Structure formats: structure tokens, C-alpha cells
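Notes for the one structure printed next.
To find a chain, count down the sequence lines: A is the first, B the second, and so on, and within it residues start at 1. Note that the structure is predicted; figures quoted are calculated from it, not measured. The basis for the numbers below is simple: all heavy atoms, side chains too, and nothing from hydrogens, waters or symmetry mates.
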Amino acid sequence: MTEQEIIELINKVFEDDFEIEKVNLRPQAHIFNDLGLDSLDIIDLVVALQQNFKIKLKDEEKIREIRTLQDVYNFILNEKNKPAKG
Amino acid sequence: MRLNRVVITGIGAVTSFGNGVECLIQGIRKGRSTVRHMDEWEEYIGLRTQVAAPVEMRNEKKIPRKKRRSMSPMSIYAVQASEQAIADAGINLAEIPADRIGCIIGSTMGSGQTLNTVFENIAQNKDITQISATMFFKCVSHTAAMNAAQYLGLGGYVIATAAACASSLQAVGTGYDLIRLGKQDVLLCGGAEELHATVSGTFDRLYATSVRYNQNPQDTPRPFDSARDGLVCGEGSGILALESYQHAVARGAKIYAEITGYNTCGNAVHISQSDRRSMVYCMQRALNEAGKSPKDVDYINAHATGTVQGDKAEAEAIRELFGNGVPVSSLKGYIGHTLGA
């Protein structure tokens, strides 16, 4: 996947699962303060990202550090760029 | 101890006829059936019944996402029916102390659809990481009551009755008791249920479902009919606004009816089969509480799901207590058996 494809798929998750309008999906948008997500939503965000990107997300520390949409992009880009195990 | 009188001041329904009491009544008046063939059930091995009365979900996005995310379809039905009952009763929630109004909404087991989604996920891969945060709130037995109370801001009693097909009647009876005792002023009482092949499947395994009308669904179920062959599942929600008579009069509310007697009981005879004696006992106790005799009764809305054995036992119980002079009918031919709703 290209970086742009990853960003578009993440934006689609925010549109479909959290019903946030595309116009509000700015990279610097704070996912709690600007996009209105809360702690329950973060669990569902992780589930949705796992399903959409066919990955397992286990790094809880890094997930807790996510604040902006750009952080989500970076987090997934980093996960997708990890060398495959084995 | 002086007990309050209890009246019904509002009604709401989400049924296979649509959202609202009016379309339900119109459908019944026209003698329409909402039962249809369930194409999506054909994939289930051994499921003989292929008919049901599904609800078409409407206007669910009027419920904000953060309130809706913990709701399965049955909770959405319950919220919509509760809102109708409140509007119909002319209740302004801001005028009632939050701890004096609550809800009692029953169902057989919570959300059948979400339970299946969860277990399909977990059972297949022994993996819980695909389970979303809100699945629990959608599944639990009290999901409809909890979600309705959350959405409407009710701070009083929140109770979910769970006794299969008696769930919603027990909800109304429990509400009646709580208001009589003065513990609540207003209670939204009723039930909610949603369809799933596994729900109909449990009855199918007991040979209690309709299987002969899969190709002409409009002809089933047939309560009290000699050609009946079993029940057909439905879904939806029905809610009554119960209120103390004093409270209703004080705010000038219209009153549909007064509840004067209620009873619920077990039979301790058989886990699935109907028992005529306990039915007679239950109806007699309700009449006793109301201070009425069988000759005072003008109409009986029977359970009558269309099963061969159940309808027979119920008809015998009604005849034993009321003779043959009281009109009896059932809603199942129009909207199917909505179980806990």
C-alpha cells in the first residue's frame, strides 16, 4: 500500500465507523477534542484498523500516545513498514 | 398501606408494520400480515422454518452516534418506542425528578444478532481482539432498558425482565407494582426483541415453528386455527407509559386505561409444555387482585402463538374460566411472535 492509500483507508474508517465528515479529517485534528472520540472509541478504532489493514496491533504504549489524526497515520505507516516476522 | 392507582397514559410501538402505533392499528384493521420468506435463512442447515416478520429499521441516525454505538437493533426499537410513548403521554422529562421516572424493558436474552456476531468471532479463532468496546453493551440481557434509560436520561429504576415470552408482561406488571407502592411516579414498561435465525432455530429444534407455509408466508401463523403448524418469529418493541393516577391527573394527562390486577406464575410441570391449570390459576389471581369476576371481562388478547399444543392448552384454560362468551384474538397473525416484546 502507498502512503496515500493508507491515509485514505484510515480516513474511511473515521468516516464509516465514527461518522465524521470528510471535511473535518485534517491531519492535525485532535481525535478527542476535535473529532469527538473517547476511550471506548479508541478500542473500536484499534479493532477497525486491525480489520482494515489485516494487522495485529499490540503496542499499547504507542496506541496510548496517539493524539492527532497524523499520529494515527504515522502509527499505521510504521506498523505496515515493519519487517515481516520469520 | 394505601396503594396508588396505576394508569396508562402513553403508548409506543416499533413493529413490522413500521414505526408508530397508528400503522400497527391500521395494519390490524386491514387484516394484513407482515410475515415474509427469509431468503438469508436458507444457508442454515436443518432450519426448517423460513418465515418471519422483520422490522425495517428507520431513522436510527437521529440517535447520536455516541448514544447509538451501544445499541443493537432491539435497543434502537426500544428507544424509538419509548420516545413515542413519552410524546403520546405528553410527558416533559424536565418536569419530572430524574429519580422518579425509570424504565422496565424485557427481552428473552438481549441482542441475539450481536451475541451471534461475538461468538462467531471468538469461537472461530479463539481470538478476542476483534471484539469492539461496545459489543458487551449491545449484548447484555438489560441492553434495551439500559440504552433507553441512558438515551432518555432516566435516573429512576432501570430493570430488565427476562422470562421469554412473558418478559414484556412482567415488565408492565413490575412497573404496576412499583408505582402502586409509590416507589416511582412514571415508568416506561414493555419489551424489545430482534430476529435471528438462531432464535427461530431454537423453536425449530423443538418442532414448535411453522414449516408448511414457507412458500406462502402470508398464510402463517394461524393462532387457534385447526390448520396451525407452529409459531413465526417477529421483532420490534412495545412500550407503555405507566403513571400513578394522582400524577397523571395533576398534570392533566389523558388516560387510556387503568391497570387493576396482575399476576405471574410458574407451572413446575414441564420445562417447555403449556399447563392449563397454571394458566387458569394465573388469570384467576389477576382477576382477584382487580376485584373482578370472569363475567366482567369483555375481551381477551391471548398469547396464542399458533403452536399445536400451546394454543390448545390456552383455549382450554380460557374456556374453563370464561366459558365461551368472551371474544379472544391474538396479534401473532399480523406481526409474528415478538417473544419478549
Side-chain angles (χ1 to χ4, degrees), chain A residues 9-26 29-69 71-72 75-76 78-80 82 84-86, chain B residues 57-80 83 110-111 113-154 158:
Chain A
L9 189 50
I10 291 171
N11 284 352
K12 192 172 179 326
V13 166
F14 276 84
E15 280 182 71
D16 293 349
D17 291 28
F18 302 105
E19 299 177 14
I20 295 165
E21 289 182 32
K22 205 173 206 162
V23 66
N24 295 322
L25 294 174
R26 292 168 288 107
H30 194 287
I31 59 171
F32 298 113
N33 301 338
D34 298 326
L35 303 182
L37 272 63
D38 64 11
S39 57
L40 284 179
D41 287 329
I42 296 304
I43 300 169
D44 288 0
L45 175 64
V46 170
V47 172
L49 292 172
Q50 288 187 137
Q51 288 170 348
N52 278 276
F53 289 98
K54 312 268 185 297
I55 50 175
K56 285 274 179 201
L57 299 176
K58 290 177 180 165
D59 197 341
E60 291 183 14
E61 274 304 312
K62 284 226 159 34
I63 292 169
R64 284 206 188 98
E65 287 168 10
I66 289 174
R67 290 291 176 274
T68 65
L69 197 51
D71 293 343
V72 182
F75 177 70
I76 294 297
N78 188 48
E79 288 290 323
K80 292 295 279 183
K82 275 183 183 172
K85 280 182 186 167
Chain B
M57 180 94 72
R58 290 179 174 89
N59 301 325
E60 72 273 18
K61 294 218 166 169
K62 283 188 177 173
I63 303 169
R65 181 190 71 84
K66 273 196 181 162
K67 298 283 187 188
R68 190 176 3 108
R69 67 184 172 178
S70 55
M71 297 180 189
S72 67
M74 62 180 286
S75 290
I76 292 172
Y77 305 151
V79 163
Q80 292 175 336
E83 281 191 306
S111 169
Q113 293 176 15
T114 314
L115 281 165
N116 272 279
T117 303
V118 170
F119 289 127
E120 276 168 15
N121 248 304
I122 295 178
Q124 211 163 16
N125 307 312
K126 299 275 189 295
D127 179 4
I128 64 161
T129 61
Q130 302 300 315
I131 305 303
S132 79
T134 51
M135 285 290 197
F136 168 77
F137 305 107
K138 289 181 180 176
C139 285
V140 287
S141 305
H142 67 306
T143 185
M146 171 180 65
N147 276 299
Q150 281 286 320
Y151 178 72
L152 297 166
L154 311 179
V158 178

Portion of D41(A) that has a non-hydrogen atom of chain B nearer than 4.5 angstrom
both

Crowded around [X] [atom1]? As in, over 12 foreign heavy atoms under 6.0 Å?
{"X": "E79(A)", "atom1": "CD", "value": "yes"}
{"X": "K80(A)", "atom1": "NZ", "value": "yes"}
{"X": "K56(A)", "atom1": "NZ", "value": "yes"}

Specify which of D38(A), I43(A), I42(A) makes the most heavy-atom pairs with chain B at under 4.5 Å.
D38(A)

Tell me, side chain or backbone of N121(B) under 4.5 Å from chain A's heavy atoms, or both, or neither?
neither

Test applied, salt bridge (Lys or Arg N to Asp or Glu O under 4.0 Å); reference residue, E19(A); option that passes from R68(B), R65(B), R69(B)
R68(B)

About how many Å separate OG1 of T134(B) and CG of L40(A), when rounded to the nearest 0.5 Å?
7.5 Å

Is a side-chain donor or acceptor of Q50(A) paired with a backbone partner of T129(B) at a separation under 3.5 angstrom?
yes

Heavy-atom side-chain contact between V47(A) and M135(B) under 4.5 Å
no

